[in-house]
Amino acid sequence: MKLKLVLLLTVPFFATACTVTDPVFTKPGSTPSQASEAYQQCLYQAELATANTGAKAPKYDAKISDAVSSGIADGIARGYEEGNLVNHCMKMQGYSKSQ
């Protein structure tokens, strides 16, 4: 029963998460292609920097729901940190978000 509840709550979350698009960064004198390349480089560096974030074993007492919620929380924390690192990296290169 609890597993069904966890799936019921997490499946819509993941389904909508797939529709997220990359932010658009602009810089005077820069082409969209250059901005995209800079963004991809910053994203790669952020992924490397956060590769071990949440790498510790989940804390749970034989309950799958505890393991799932721990994994989700770790993923959210990693995504938040990656986003901050990407934004900082792009800002340091002179780009700004245009949204």
Side-chain angles (χ1 to χ4, degrees):
M1 180 64 182
K2 285 189 178 192
L3 180 60
K4 288 181 183 180
L5 179 61
V6 169
L7 290 175
L8 182 65
L9 295 175
T10 57
V11 169
F13 173 77
F14 289 116
T16 58
C18 295
T19 62
V20 175
T21 60
D22 290 339
V24 177
F25 288 91
T26 58
K27 176 181 172 180
S30 169
T31 66
S33 177
Q34 290 170 324
S36 178
E37 184 177 332
Y39 175 78
Q40 292 302 320
Q41 289 175 351
C42 287
L43 182 60
Y44 176 73
Q45 291 173 2
E47 287 174 353
L48 286 177
T50 60
N52 290 328
T53 303
K56 55 189 170 195
K59 297 178 183 177
Y60 63 95
D61 298 321
K63 295 180 188 174
I64 191 70
S65 61
D66 291 342
V68 169
S69 63
S70 177
I72 291 171
D74 289 344
I76 291 170
R78 180 178 178 193
Y80 181 76
E81 185 63 26
E82 274 184 17
N84 285 339
L85 289 171
V86 168
N87 288 336
H88 184 69
C89 175
M90 293 298 285
K91 184 177 178 181
M92 294 304 296
Q93 294 183 45
Y95 289 91
S96 60
K97 271 190 185 178
S98 63
Q99 289 185 8

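Quantities reported herein were computed from a predicted structural model and do not represent experimental measurements.
- In terms of heavy-atom proximity, Ala35 sits nearest to Ser30 at N-OG, 3.8 Å.
- Using a 3.5 Å distance cut-off with no hydrogens or angles, the side chains of Glu81 and Thr50 do not pair a donor with an acceptor.
- Tyr95 shares a hydrophobic cluster with Phe25, Tyr39, Leu43, Val86, Met90; the chain of contacts runs through ILVMFWY side chains whose heavy atoms sit under 4.5 Å apart.
- Taken to the nearest 0.5 Å, the CG atom of Leu48 stands 9.5 Å off from the CD atom of Glu82.
- With a 4.5 Å cut-off on side-chain heavy atoms, Leu85 and Cys42 do not count as touching.
- In this structure, the side chains of Gln45 and Cys89 come closer than 4.5 Å at one or more pairs of heavy atoms.
- Listed here is the closest heavy atom pair of Gln93 and Ala38: OE1-CB, 3.5 Å.
- Under the 4.5 Å side-chain criterion, counting only non-hydrogen atoms from C-beta, Val24 is not in contact with Lys97.
- Glu37 CD: 12 or fewer foreign heavy atoms inside a 6.0 Å radius.
- With sequence neighbours excluded, the residues that form a side chain to side chain contact (heavy atoms under 4.5 Å, CB included) with Ser33 are Thr31.
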